[in-house]
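First comes the structure, then the notes that go with it.
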Amino acid sequence: MAITPQQAQEAIDARVAPLPAERQPLERCIGQILRQDVYAERDNPPFDRVCMDGIAVASSAFARGLRRYAVEATQPAGSPALALSTTDNAIEVMTGAMLPRGADCIIPLEEYDLQNGVVSLKGEATGTAYRNVQRRGSDSQPGVPMLTSGTRLGAPEIAVVASAGLAEVLVSRQPRFMVVSTGDELIEPGQPIAEHQVRRSNAYALVAALRGRGFQHVLNDHILDDEKMLQERLARHLSQHDVLILSGGVSKGKLDLVPKVLKSLRVEEVFHQVAQRPGMPMWFGVGRAGQSVFGLPGNPVSTLVCLVRYVVPAMTLAMGARRVTPDPVAMASSVQSRRSVAYFLPVCVRHDEIGRALAEPRIPRGSGDFLALTEADGFVELPPQAEAFPAGYLVSLYRW
Ligand code: AMP
Ligand code: MG
């Protein structure tokens, strides 16, 4: 009996080899998975920081009723702190400057008039302690990690790494993917095509789905349904890549040679067939050097669904990232399925009046109807336990 998608996922997660970490300069880290904790270099802010343009005064002077102050100096950002000589005076300050010693509050320039070096506060001005001052260490302190291993480095995280003073960090090494399409009938775009032939679209879809998610090393090849050729070329690809993603040739037909050839190359079969629609013939195994080998069914819808459902999450996990659970979404209308087979249903996501995400089915006419996928945002997974799912039923959403 074929295993369920959940069992397939668990079997893959248990066998996909973790990728090593490597040191990379910060400018090459965008989108990468961090493999170390990042600590603050020092207190952040590193000093009591002025956060408005205005004047720095002592709140005690304001409290005793002082509303006119002589401006004795200017404190710009990037210079050491000045000191107030008396609490009767003020120091003009710029955003980002150190709070002058003896002052503890900033009155913004909208709240006073300045004439001949003397500030007169307007009626609405207030001067409470630490107004418009960011206290030293209020954002972060050394010893407390600001980022932890497994974080994906987007723009804000890159800023945090830079603020920690690190020019390079440990990130996961990128997996080296080889996408292999198989099939005698397949013809490259740009080449003349006969009636009995089919465009080699899967390889393009798989490469696009991987590159679009930030995977950088993605090569591809095409191999005919010929045992010897498959054997030679797959042996070479196994020696040069971490992950092989094959499309086609994994069903039970006479020319579905992929499982047999992989076996002869001593790739251990972990499973063959998953109780799912589409994509039932999916194959997964592990090479002798720990390479992950995914044999995806050739039908274009199956290929892409299996890549998104299994390969992408497994490789993200192998890079040390935390597993991202798919978003739950409610079905917009009722759907019928088949008991004991999970159903991956392409959907379009829209939002109802209160902003709730709803999944509207976009049922392909067959597993070769990839045109239907262009109208869908992704697919939902209807579990094998039931045959009928009512509108409002919560399902996991996978985006293309
Ligand atoms: P297979 O899994 O090899 O039996 O292929 C199943 C169906 O998918 C056949 O109709 C193939 O022509 C089609 N197919 C296989 N590989 C590709 C590909 N790379 N691009 C487009 N269609 C494909
Ligand atoms: Mg084929």
Side-chain angles (χ1 to χ4, degrees), residues 2 5 8 177-212 215 218-234 237 241 243-265 267 269-285 293-312 341-342 344 346 363-376 379 400:
F177 286 100
M178 172 53 76
V179 170
V180 179
S181 56
T182 67
D184 290 351
E185 75 280 28
L186 300 171
I187 299 294
E188 198 65 54
Q191 299 300 315
I193 192 160
E195 193 186 353
H196 57 279
Q197 295 175 319
V198 172
R199 287 290 179 202
R200 181 182 167 250
S201 59
N202 286 355
Y204 287 88
L206 294 173
V207 169
L210 292 169
R211 293 231 175 101
F215 292 111
V218 188
L219 299 180
N220 75 98
D221 188 17
H222 181 71
I223 311 179
L224 298 177
D225 294 318
D226 174 278
E227 201 168 326
K228 191 160 172 295
M229 215 184 281
L230 274 164
Q231 213 143 25
E232 278 170 19
R233 298 260 280 277
L234 290 183
H237 294 325
H241 297 87
V243 190
L244 262 54
I245 303 174
L246 296 127
S247 108
V250 290
S251 306
K252 301 276 170 168
K254 191 172 154 196
L255 288 177
D256 290 322
L257 302 164
V258 166
K260 182 180 169 196
V261 169
L262 288 171
K263 198 171 174 194
S264 76
L265 294 171
V267 177
E269 176 184 308
V270 175
F271 63 75
H272 190 186
Q273 298 205 330
V274 181
Q276 62 188 10
R277 179 166 68 108
M280 196 269 290
M282 181 179 167
W283 190 98
F284 171 69
V293 183
F294 295 90
L296 309 185
N299 274 307
V301 179
S302 315
T303 308
L304 197 53
V305 163
C306 289
L307 180 92
V308 172
R309 174 64 180 83
Y310 300 108
V311 184
V312 169
V341 177
F344 297 124
I363 301 173
R365 280 168 290 269
S367 44
D369 182 16
F370 48 97
L371 190 57
L373 305 190
T374 62
E375 291 163 16
F379 61 89
W400 296 134

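Just so you know, ligand 1 is whichever comes first in the structure, and atom 1 is the first atom listed for that ligand.
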Please list, in number order, the atoms of ligand 1 under 4.0 Å from a heavy atom of [X].
| X | result |
| --- | --- |
| R199 | 20 (N), 21 (C) |
| N299 | 6 (C), 7 (C), 8 (O) |
| S247 | 16 (N), 19 (N) |
| S181 | 19 (N) |

- request: Closest by any non-hydrogen atom to atom 12 (O) of ligand 1: pick that one out of R200, E185, K252, H222.
  value: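 Considering heavy atoms of R200, E185, K252, H222, the nearest to atom 12 (O) of ligand 1 sits in E185.
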Nearest protein heavy-atom contact for [atom]: which residue, which atom, what distance?
| atom | result |
| --- | --- |
| atom 17 (C) of ligand 1 | N202 ND2, 3.2 Å |
| atom 3 (O) of ligand 1 | G249 N, 2.9 Å |
| atom 5 (O) of ligand 1 | G298 CA, 3.7 Å |

- prompt: Is the closest heavy atom of G183 to ligand 1 under 4.0 Å?
  reply: no
- request: Give the contacting part of L186 toward ligand 1: side chain, backbone, both or neither, where contact means a heavy-atom distance below 4.0 Å.
  value: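 Near ligand 1, L186 shows its side chain, while the N, CA, C and O stay back.
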- request: Please work out whether any backbone atom (N, CA, C, O) or any side-chain heavy atom from C-beta onward of S201 is under 4.0 Å from ligand 1, and answer side chain, backbone, both or neither.
  value: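 Both backbone and side chain.
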Option among F284, W283, F271 that satisfies the ring pair (Phe, Tyr, Trp, His ring centres under 6.0 Å) test with F294: F284
message: Below 3.5 Å, N or O to N or O, backbone or side chain included: is there any such pair between G248 and ligand 1?
response: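 By distance alone, the answer is no.
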query: Considering residues at least two apart in sequence or located in another chain, which fulfil the side chain to side chain contact (heavy atoms under 4.5 Å, CB included) criterion with P5?
result: V274, Q276, R309, Y310, A342, F344, E381
query: Quick one: are L296 and V250 in side-chain contact, heavy atoms under 4.5 Å?
result: no
task: Compare every heavy atom of Q197 with every heavy atom of I187, then report the nearest pair and how far apart it is.
output: CD1-NE2, 3.4 Å
